[in-house]
K.L.:
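Encoded as structure tokens, here's the structure I'll be asking about.
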Amino acid sequence: MISINSVKQFYNGATQLHFNDWLVNSGEHWLMLGGSGTGKTTLLHIISGLLKPTEGNVNIEGTDLYSLKGADLDHFRGRNIGVIFQQPHLIKNLNVLNNVIAAQYFAGLKEDKKRALEVLESLGLSSKTKSLPAELSQGQMQRVAIARAVVNHPKIVIADEPTSSLDDENTDSVLKLLEEQAERNKATLVIATHDERVKKRLTRQYML
Ligand SMILES: Nc1ncnc2c1ncn2[C@@H]1O[C@H](COP(=O)(O)OP(=O)(O)OP(=O)(O)O)[C@@H](O)[C@H]1O
């Protein structure tokens, strides 16, 4: 469950972003839609625990997110929220498997290689576990980013323009995998996009 109330972000006193209140119930799949500069990335950062808003409340799974600080916030985020960015941001000198295991480490969890391999298999990446990110295609890298985001069974999966750098075929498969992984983990899914190909797929929409 995600709820935001009276959330505002002021940048340098100049840009003032006011976000409508939003309640996302557990297991729902939502699109966040808005033109360039309307605040999609800002709001995703706010609900993923990466940016404390200037004003307002963010509640995730019953926890007031910004009442947590430092390592507590990092661990809460690592265990409850999986984030997929526009670019995969993989660690370039770690192979695919270790990129996924790194997410367990950052969440303060014990290494669980079996779980990492299971997620990679469900995303069709079993033959790539020993490859370095540079040896992967764009679509494969985005699938590793999904694996990393879901490996800790997060209750919430958040994706920021996950398909913008992908062709139609990869867009289709990445969306299908995102929805499938969310279903499998009974996770809430929020996808920010202005990609027309994504808009048709999800009916719950939050407009900025
Ligand atoms: N760190 C920052 N400092 C100052 N202004 C910022 C900062 N980050 C974002 N902004 C401003 O806040 C507004 C919203 O930006 P944001 O990146 O959240 O929009 P967006 O909807 O994700 O845009 P796009 O679709 O183009 O990526 C913009 O006017 C932007 O210039």
Side-chain angles (χ1 to χ4, degrees), residues 1-24 28-60 64-66 68-70 73-74 76-78 80-90 106 133 138-139 141-146 148-150 154 156-168 170-179 181-182 187-208:
M1 185 273 286
I2 306 170
S3 93
I4 64 164
N5 280 296
S6 312
V7 169
K8 296 179 185 165
Q9 177 64 25
F10 304 155
Y11 285 119
N12 308 325
T15 307
Q16 301 203 349
L17 300 169
H18 296 219
F19 298 103
N20 289 330
D21 290 353
W22 188 14
L23 175 66
V24 176
E28 288 179 352
H29 295 185
W30 281 78
L31 281 186
M32 181 196 291
L33 298 171
S36 179
T38 51
K40 297 184 295 299
T41 300
T42 299
L43 185 54
L44 287 186
H45 286 179
I46 289 172
I47 61 181
S48 357
L50 298 168
L51 175 69
K52 184 177 195 286
T54 318
E55 289 181 17
N57 290 308
V58 182
N59 194 294
I60 303 285
D64 176 2
L65 190 58
Y66 291 101
L68 302 173
K69 306 245 163 357
L73 177 58
D74 289 343
F76 181 85
R77 219 176 48 219
N80 291 284
I81 309 170
V83 186
I84 297 140
F85 297 99
Q86 202 163 350
Q87 298 299 328
H89 295 299
L90 303 177
F106 289 132
Q138 200 64 33
M141 279 194 246
Q142 204 54 314
R143 279 190 273 152
V144 179
I146 295 175
R148 192 183 48 186
V150 301
I156 296 169
V157 175
I158 291 173
D160 189 3
E161 301 277 4
T163 56
S164 61
S165 58
L166 302 178
D167 61 19
D168 288 353
N170 272 312
T171 292
D172 219 54
S173 99
V174 160
L175 285 174
K176 216 163 132 229
L177 290 167
L178 259 177
E179 291 184 80
Q181 290 292 329
T188 305
L189 177 65
V190 174
I191 304 177
T193 192
H194 57 256
D195 188 338
E196 289 295 334
R197 301 169 298 183
V198 181
K199 280 188 197 170
K200 295 180 214 125
R201 293 180 73 119
L202 301 188
T203 50
R204 289 194 172 91
Q205 304 191 340
Y206 175 88
M207 301 291 296
L208 283 173

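Every number for a ligand or one of its atoms is a count from 1 in the order of the listing.
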K.L.:
Would you mind reporting whether Met32 and Leu208 have side-chain heavy atoms less than 4.5 Å apart?
P.N.:
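With C-beta onward as the side chain, the pair touches.
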
K.L.:
Could you check which of Thr193, Ile46, Thr41 puts a non-hydrogen atom nearest to atom 27 (O) of ligand 1?
P.N.:
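Among Thr193, Ile46, Thr41, the closest heavy atom to atom 27 (O) of ligand 1 belongs to Thr41.
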
K.L.:
Around atom NZ of Lys199, are there more than 12 heavy atoms from other residues, nucleotides or ligands closer than 6.0 Å?
P.N.:
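Count over threshold, so yes.
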
K.L.:
Closer than 4.0 Å to some heavy atom of Asn12 - which atoms of ligand 1 meet that?
P.N.:
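This gives 4 (C) as the contact atoms.
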
K.L.:
Quick check on atom 13 (C) of ligand 1 - does any protein heavy atom sit closer than 4.0 Å to it?
P.N.:
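So atom 13 (C) of ligand 1 has protein heavy-atom neighbours under 4.0 Å.
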
K.L.:
Would you mind telling me which of Thr163, Ile84, Val150 makes a side chain to side chain contact (heavy atoms under 4.5 Å, CB included) with Leu178?
P.N.:
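Among Thr163, Ile84, Val150, the one meeting side chain to side chain contact (heavy atoms under 4.5 Å, CB included) with Leu178 is Ile84.
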
K.L.:
Salt-bridged, Asp172 to Arg201, with N to O below 4.0 Å?
P.N.:
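Answer for the salt bridge query: yes.
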
K.L.:
More than 12 foreign heavy atoms under 6.0 Å from NE2 of His45: is that the case here?
P.N.:
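For His45, atom NE2 is crowded (more than 12 foreign heavy atoms under 6.0 Å).
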
K.L.:
Going by heavy atoms, is Gly39 under 4.0 Å from ligand 1?
P.N.:
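Contact check Gly39 vs ligand 1: positive.
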
K.L.:
Does even one non-hydrogen atom of Gly35 get within less than 4.0 Å of ligand 1?
P.N.:
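It does; at least one heavy atom falls under 4.0 Å.
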
K.L.:
Identify the closest protein heavy atom to atom 26 (O) of ligand 1: which residue and atom is it, and at what distance?
P.N.:
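Among all protein heavy atoms, the one nearest atom 26 (O) of ligand 1 is Ser36 OG, 2.7 Å.
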
K.L.:
Less than 3.5 Å between some nitrogen or oxygen of Gly37 and one of ligand 1, yes or no?
P.N.:
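Among all N and O atoms of Gly37, at least one is under 3.5 Å from an N or O of ligand 1.
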
K.L.:
Please write down residue, atom name and distance for the protein heavy atom closest to atom 3 (N) of ligand 1.
P.N.:
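Heavy-atom neighbour on the protein nearest atom 3 (N) of ligand 1: Tyr11 CD2, 3.6 Å.
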
K.L.:
Is the ring pair Phe10/His18 parallel, tilted or perpendicular, if the boundaries are 30 and 60 degrees?
P.N.:
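Ring orientation of Phe10 relative to His18: tilted.
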
K.L.:
Determine if the distance from atom 8 (N) of ligand 1 to the closest protein heavy atom is below 4.0 Å.
P.N.:
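Within 4.0 Å of atom 8 (N) of ligand 1, protein heavy atoms are found.
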
K.L.:
Between Thr42 and Phe19, is there a side-chain heavy-atom distance shorter than 4.5 Å?
P.N.:
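Yes - at least one pair of side-chain heavy atoms lies under 4.5 Å apart.
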
K.L.:
Identify the protein heavy atom lying closest to atom 25 (O) of ligand 1, giving its residue, its atom name and the separation to 0.1 Å.
P.N.:
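Going atom by atom, the protein heavy atom closest to atom 25 (O) of ligand 1 ends up being Lys40 NZ, 2.8 Å.
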
K.L.:
To which protein heavy atom is atom 29 (O) of ligand 1 closest, and what is the distance rounded to 0.1 Å?
P.N.:
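For this ligand atom, the closest protein heavy atom is Thr15 CG2, 3.9 Å.
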
K.L.:
Is there a side-chain contact between Leu23 and Ser3 in this structure, where contact means two heavy atoms from C-beta onward sitting under 4.5 Å apart?
P.N.:
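SC-SC contact between Leu23 and Ser3 confirmed.
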
K.L.:
Relative to the heavy atoms of Thr42, which atoms of ligand 1 are at a distance of less than 4.0 Å?
P.N.:
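Near Thr42, the atoms of ligand 1 are 15 (O), 16 (P), 18 (O).
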
